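The block underneath contains the structure these notes are about, expressed in structure tokens.
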Protein chains: 2
Amino acid sequence: MALSIAARSAVAGQMRASEAASPPLVTPEACARCEAREVSVCSVLSGDDLARLSHISVVSTVGEGETFITEGDPADHFFNITAGTAKLYKLLPDGRCQVTGFARTGDFLGLAAGAVYVFSAEALEPVRFCRFARSKLRGFLRDCPEMERRLLDLARNELVLAQEQMLLLGRKRARERLASFLLSWQQRAAPGPGNRLMLPMTRTDIADYLGLTIETISRTLSAFKKTRLIAQTALSELIILNGTELAAIAAGDR
Amino acid sequence: MALSIAARSAVAGQMRASEAASPPLVTPEACARCEAREVSVCSVLSGDDLARLSHISVVSTVGEGETFITEGDPADHFFNITAGTAKLYKLLPDGRCQVTGFARTGDFLGLAAGAVYVFSAEALEPVRFCRFARSKLRGFLRDCPEMERRLLDLARNELVLAQEQMLLLGRKRARERLASFLLSWQQRAAPGPGNRLMLPMTRTDIADYLGLTIETISRTLSAFKKTRLIAQTALSELIILNGTELAAIAAGDR
DNA sequence: CGCGATCTTTGACCCAAGTCAACCCCGGAG
DNA sequence: CTCCGGGGTTGACTTGGGTCAAAGATCGCG
């Protein structure tokens, strides 16, 4: 990631030197170097198509806490996360929040949108992404069925996850929800040294993702620690000691 | 619907007469007559493509209570509902059930699946559908980008609904959930005479959809009746008297 | 290095919805 | 017409997780 951020900075630097008003367009070379490519939609693209795509994409970064997609705004862009973690969420008028997912490197955002975005996205740590204008992407897709197929696969996979989450929110108990979350996050997040699990989100984010409160998250984590299912190495860093048992809890088997 | 069922029966009749072992293949003429076409994926197809699609589709019907997709089975087929209503659901090992959606005429099933189905589908009333082998559809999609685009649109729309449902399950109170459900069902279901809303599902199905119990559904419906938000004309048939107020409740505004 | 802000943990109490149980209603079979 | 069985409704009571409150970590910053 350090390498990649350096590469990105170089691109932004180029841009700034040549034309400060226009956004930092991506060069095919930058795409070829991008270490997020193999986990992104772009992985299916041949050199030729990749070059075309790079010309309609714009790289940017946002800092921690910044909102880069706002529910209700015209859904003019798609986003491909190339570094960092973001939370995706929906709000009720009175402020109640449901986090619908966490987006990481390689995730493609904007599929779940009609004319306007139906969710907001906020960076949990510095996030870098490629942005595509919806109108331009449409033209690209016309000539590139592989990409369209890939997007369909992504959307289908997201649907599978969404339904799994409905089961969790509708029918699982608090401890089952948290166990499910820890295991699924372990799947998706690169494990740190010593099998450490990094959680870039706050307890509030986890609570809003699992349909619980921060107090319940805290209490349940403490219970998991007491029964030696997990160990906490830092506030946002823990180790899963007994994944088998956690999986049994997640499935509702005890 | 009556006409359509008759048409289907004719097709099945032909089939049975000629070759009992093989399934009832659809003829292009049957597709042209199909009154579910305009609301289905097939609506985007030209006559030529429609004819091709018809040759890889198989019509069948299932009776009330029959399960025609089983979670965990190899996901070999896609389904396009052409009549009736089905519930889609997931189960936990101990039997807890989450209904992830109700499928009606025009709905396309099987997008949310990897190698195996991740949900089950059961007919709530007699259901008719066209079934496509996944392998055959893949070949068809290769030559028919409109269809692929349409499937992507369908998947995206389902994703929007899924996220809305996550908000409901994670953050809404019982009365807000029920109000949301009644209004969304009113949107999708053809209104009966006198603005009547037909509910082909049982209280149990509604409860499993909203992450509640039948008792809570029953009590909340009674409360809505008492405050004259709705009126009940039969066990599974009601009228929305005050949609504005229901919408305010659904949004969490009171 | 120590201050203040923010996040987390823990405890005491409460309540929305779940559980358990009795009864009702309706529709189909005999 | 009556019986029977499977929803559906309603009431009494319980409870898992929410709410409120206070104290304890953690971290950025001057």
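Remember, it's a predicted structure, so these values are computed and weren't measured experimentally. All values below were derived from every heavy atom in this structure, side-chain atoms included, with hydrogens, water molecules and symmetry-related copies excluded. Throughout, protein chains are lettered first and strands after them, A, B, ... in sequence-line order, and every chain is numbered starting at 1.
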Set of residues satisfying side-chain hydrogen bond (donor to acceptor under 3.5 Å, both in side chains) with respect to Ser184(B), sequence neighbours excluded: none

Nucleotides 16-22 of chain D: protein proximity per nucleotide (B base, S sugar-phosphate only, - neither; heavy atom, under 4.0 Å): SSSBB--

Straight-line distance of Leu167(B) CG to Tyr89(A) OH, nearest 0.5 Å: 13.0 Å

Pair listing, salt bridge (charged side-chain N to carboxylate O under 4.0 Å, His left out) test, anchored in residues 210-223 of chain B, at least two apart: none

Sugar-phosphate, base or nothing in reach of Ser218(A), heavy atoms under 4.0 Å: base

DNA chain C-proximal residues of residues 90-99 of chain A, any heavy atom under 4.0 Å: none

For Tyr209(B), ring-ring contact (aromatic ring centres under 6.0 Å, His included) partners two or more places apart: Phe102(B), Phe181(B)

Distance below 4.0 Å between Gln232(B) side-chain N/O and dT9(D) OP1 or OP2: yes

Pairs involving residues 177-191 of chain B, ordered by first then second residue, that meet salt bridge (charged side-chain N to carboxylate O under 4.0 Å, His left out) (sequence neighbours left out): Asp107(B)-Arg188(B)

Gln186(B) CD to Leu238(B) CG distance, which is reported to the nearest 0.5 Å: 9.5 Å

Estimated bend of the helix from dC1(C)-dG30(D) to dG30(C)-dC1(D) (axis per five terminal pairs, rounded to 10 degrees): 40°

Backbone N/O of Gly114(B) and side chain of Arg156(A): donor-acceptor pair under 3.5 Å: no

Residue whose nearest DNA chain D nucleotide is more 5′ - Leu235(A) or Met201(B): Met201(B)

Nucleotides bounding contact with chain A, strand DNA chain C, heavy-atom threshold 4.0 Å: dT8(C) to dA12(C)

Pairwise ring pair (Phe, Tyr, Trp, His ring centres under 6.0 Å) hits with a residue in residues 221-254 of chain B, at least two apart: none

Flag, side chain of Thr82(B) to backbone of Arg128(B), donor-acceptor distance under 3.5 Å: yes

All pairs passing salt bridge (charged side-chain N to carboxylate O under 4.0 Å, His left out) where residues 239-249 of chain B contributes a residue, at least two apart: Glu245(B)-Arg254(B)

Counterpart residues, ring-ring contact (aromatic ring centres under 6.0 Å, His included), relative to Phe68(B) (two or more places apart): Phe79(B), Phe129(B)

Contact list for residues 86-100 of chain A, test salt bridge (charged side-chain N to carboxylate O under 4.0 Å, His left out), sequence neighbours left out: Glu71(A)-Lys90(A), Lys87(A)-Asp205(A), Lys90(A)-Glu164(B), Asp94(A)-Arg96(A), Arg96(A)-Glu176(B)

Check: Thr216(A) main-chain N/O paired with Thr220(A) side-chain donor or acceptor under 3.5 Å: yes

Nearest-angstrom distance from the residue atom CD1 of Ile214(B) to P of dT9(D): 9 Å

